[in-house]
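Reminder, nothing fancy here: chain letters follow the sequence lines and each chain counts from 1. Keep in mind that the numbers below use all heavy atoms, side chains included, and drop hydrogens, waters and symmetry copies.
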Number of protein chains: 2
Amino acid sequence: MRSVSGVVIELSAVIVALSDDAPTILLVPSEDVGAQGLPFGPFDPVGDRTLEEGLRRGVVQQAGLTLGYAEQLYTFGDRFRDPQERSGGPRPVSVGYLALARQGDDAPSPRESWTDWYRFLPWEDWRGGTPGLIDSVIVPRLEAWCAAATSKAEQQRRRDRTHLTFALGDATWDNERVLERYELLYEAQLVAESARDQGKPLLGVATGTPLAKDHRRILATAMGRLRAKIKYRPVIFELMPPAFTLLQLQRAAEALAGGRLHKQNFRRLVAHEGLVEPTGQISVQTGGRPAELFRFRRGVVLERPAPGVRLPVKRGGKSS
Amino acid sequence: MRSVSGVVIELSAVIVALSDDAPTILLVPSEDVGAQGLPFGPFDPVGDRTLEEGLRRGVVQQAGLTLGYAEQLYTFGDRFRDPQERSGGPRPVSVGYLALARQGDDAPSPRESWTDWYRFLPWEDWRGGTPGLIDSVIVPRLEAWCAAATSKAEQQRRRDRTHLTFALGDATWDNERVLERYELLYEAQLVAESARDQGKPLLGVATGTPLAKDHRRILATAMGRLRAKIKYRPVIFELMPPAFTLLQLQRAAEALAGGRLHKQNFRRLVAHEGLVEPTGQISVQTGGRPAELFRFRRGVVLERPAPGVRLPVKRGGKSS
DNA sequence: GCTTAATATACTCAAAATTAGCATAAGTTC
DNA sequence: GAACTTATGCTAATTTTGAGTATATTAAGC
C-alpha cells in the first residue's frame, strides 16, 4: 500500500439543543464570507486516541462546550467540498458527528450562537402545515428542472425523485429523507451552495440560508439521522430537562420530527412503552389544568428491544 | 487550523453475496499471519473524486470485482486498530463500506474467496435455534467477566449490558445489535483480537474465526446495518437473481437476519406490500408443488414510504 | 396406481395495536 | 361566572399481527 499525502482529516459536529419549541444548532463564524459554519477541528493522529475523543477536544477548544451524547454520522470526502481546495489547499475529509446538548448546560461565548435549524432547511418544518416555500418556490422550480432534462428517460427519473422526496402526487412526506431532499435541491441549483461550489453566479432565488463549505449537507444528514433515531432509541431525553410534562415531551418530538402529533395517542404510546415515570410533582406553568411531571425511566432500555418515542402523526383532525 | 500529517485514509469493503442459504463475504489474503482480511485500498486524494469512487477503483484493483450497491458504514480510527501501528507505522483511518453483489456476477480470482460470514460471528446465526456456542462458552465466560468487576456498580453495568445484548433473563434477542455483541466479547477477552491488540497471549478459547486488524468489527457493523436495512429498503433484491420463488426470498431474508420466519405470514407481508410481482413463470426445482416465480417490483419505492421485507419471526411453532 | 413426503398457497380467527375521536377534569383570564 | 386552556380518561372502528388449519400440486418409493 503506498502512502498518500495531502489529506487532512477534520472533525465537524452538528450540536443540537432544544430552545422552547425550536431545535437549535451551535454555529461559529466561518472563513467563508457571509456564512456561518459548524464547529470543527483537525484530527490529531498523535494526541487523539479515537476520532470521537478528537471531536470532544476540538469542540471544547472551539466552542467551550463539553459534549454529552455524540455519534458518528458520515464521512464527507467529495472533491471541492471546501471551495478553498480550488486554490491549492489540501484535500479535506470531514468526519461528521451528531451531538446532543441540553440548552443552558454551558453558556455559549459571544462568538457562538444557537440558531434554529429550520432556518437552513425551512422546507423541513411542517408543524404549521405545508411550508409555503414548497408550493411557491420549490415545486415550480423543480418541475422546470425536470422538464429541462435532455432525454425522456432522465426526465422520468427526475420526476420520480422529485415526487418521492417532496411527496408530490400520492406519495407521503417522509420526514427522514432530509438528505435526499437537500441533495435534490443542490442538483437542481435551488440552494446557494450549488452555484458557489461551481464558482458560478446564483440564478434565481436560493432557498434557505446557506452555511460554509458542505455544512448544510452535514446538517441534513444529522437531521435525518436524529429523526430516525428518536423512534427506536430514547435519545430525545438527552435534550429534555430532568423533569417535564408530557406536552413538553410532545412539543420536543414535534420540533425534531417537523410535524404535529396526536396528543392523546402520543401520551398513550409514551406511557404504554414505559418510557417515562411520574415524579409525583405537578407543573403549574401550563396556563390550564396543571400537568403531572415525568422523568425518563432508565429501565426501559433493558426491557424493550427498541425503546423510542412513537410518532402518531396527526392528519386531518381539529383537536389540539 | 494546523495541518496534521501522518494520517492515511484506507477504504475497506464488506462485500456480501448469497450462496445458497449462506451469506458470504469476499476475503483476501492479509499481511497478518494466519488471518484473512477484507479487501481494502488507499484513498487517493488526487485521483479520486469521491470516497466511494476510490473504493470502487480499489476493489476492482484488488479483487477484480465491479461493485453494484455500496453504502458507507462508519469510519474507524481508534489507535492501534492496525497492530502494525505499534512498530511505527502511520495512523490508519479506515472508511468502511457495505457492498452487495450477486453471486456469480464476477468469478473471483484464486486469491480471493467467498466465505460464510457466520464463520466469524457464529453466535449471530439462530436459524437452527440458539447457537450451542452461546450456552456452552459465551454465557459462562461473560458471567465470569461480570463477576470479576471491581465495584458493585461496574458489576451491575456489565450484567445489564450482557443481558441486553445476549438476551439473557427476559430480554429478547435483537438481531441488529451485532456490533454491541462483538464489542462486548472484545472487552471481555472472548475474541482472539483482544489479546492480539494488546500484544498479550490469548487466555482460554476464542470464539469465532479472527480477521486481520479490526476487520471483524467492520464486519459486525456491516451485518447490523444490513439486517436493519432490509426492513425498510428493498436492498435484499440486490442479492437475489432476477426471478425467484417466495421461499427463495424467505431463505435469503432468514440467512441475513439469522433466524427463521413464519412462512405464510412472510408471503402475506411480501405480497401485501407490493414488493414483488409474478413473472408468469413457474419454477420446477422445488421438490414439491412447483412455485410461481416473482421479480422485484420497482414501482414500490414510489408508493411506500419505507419498502422492505418485514420479518415475521417464528417463535414456538412447528409448521415449516 | 397408490401412498408418502415435500412444497405451495389460500384462508381463518383471535389478539393486539392503531386511528380518530368524544368526554370530562382542573386550572387561568377577564 | 363565562370563556378559554390544558390535562387526562375512555371508546369504537379498523387494521395489523401471530399462529395456525386446510387444501393443492408435484416427485419418489413401492
* To do: Would you mind reading off the distance between B/F266 atom CZ and D/dG20 atom C1', rounded to a whole angstrom?
  => 18 Å
Every protein N/O within reach of nucleotides 15-17 of chain D N/O, cut-off under 3.5 Å:
from   : atom 1 : to     : atom 2 : distance (Å)
D/dT17 : OP1    : B/R310 : NH2    : 2.7

* Asked: In whole angstroms, how far is the C1' atom of D/dT25 from the CG atom of B/L247?
  -> 15 Å
* What is the distance from CZ of A/R267 to C1' of D/dC10, rounded to the nearest Å? -> 13 Å
* Report yes if some heavy atom in the side chain of B/F166 is under 4.5 Å from a heavy atom in the side chain of B/L185; otherwise report no. => yes
* Let me know the distance between CD of A/Q250 and P of D/dT8, rounded to the nearest Å. => 12 Å
* Asked: Hey, does B/W114 have a side-chain heavy atom less than 4.5 Å from the side chain of B/S19?
  -> no
* Does A/P131 reach the side chain of A/W126, with side-chain heavy atoms less than 4.5 Å apart? -> yes
* Specify the separation, in whole Å, of atom NE2 of B/H262 and atom C1' of C/dT12. => 12 Å
* Find out whether B/L98 and B/K229 are in side-chain contact, i.e. whether some heavy atom of one side chain is under 4.5 Å from a heavy atom of the other. => no
* Asked: What is the distance, rounded to the nearest whole Å, between atom CG of B/L261 and atom P of C/dT7?
  -> 16 Å
* 4.5 Å side-chain heavy-atom contact, A/W173 and A/V313 -> no
* Asked: More than 12 foreign heavy atoms under 6.0 Å from CG of B/D170: is that the case here?
  -> no
Distances for protein N/O vs nucleotides 25-27 of chain C N/O pairs under 3.5 angstrom?
from   : atom 1 : to     : atom 2 : distance (Å)
C/dA25 : N3     : A/R289 : NH1    : 3.1

* Asked: In terms of side-chain heavy atoms of B/P312, which of D/dG18, D/dG20, C/dT9 is nearest?
  -> D/dG18
* Of all the nucleotides listed (D/dG18, C/dA10, C/dA8), which has the minimum atom distance to the side chain of B/A291? -> C/dA8
* Asked: Is there side-chain contact between A/F294 and A/L275, with at least one heavy-atom pair below 4.5 Å?
  -> no
* To do: Look at A/K263 and D/dA7 and indicate whether a side-chain polar atom (N or O) is within less than 4.0 Å of OP1 or OP2.
  => yes
* Just wondering, do A/T115 and A/T24 contact through their side chains at under 4.5 Å, heavy atoms? -> no
* To do: Would you kindly check whether a donor in the side chain of B/Q264 faces an acceptor in the base of C/dT12, or vice versa, at under 3.5 angstrom?
  => no
* To do: Write down the atom of B/A171, the atom of B/H163, and the distance for their closest heavy-atom approach.
  => CB-O, 3.6 Å
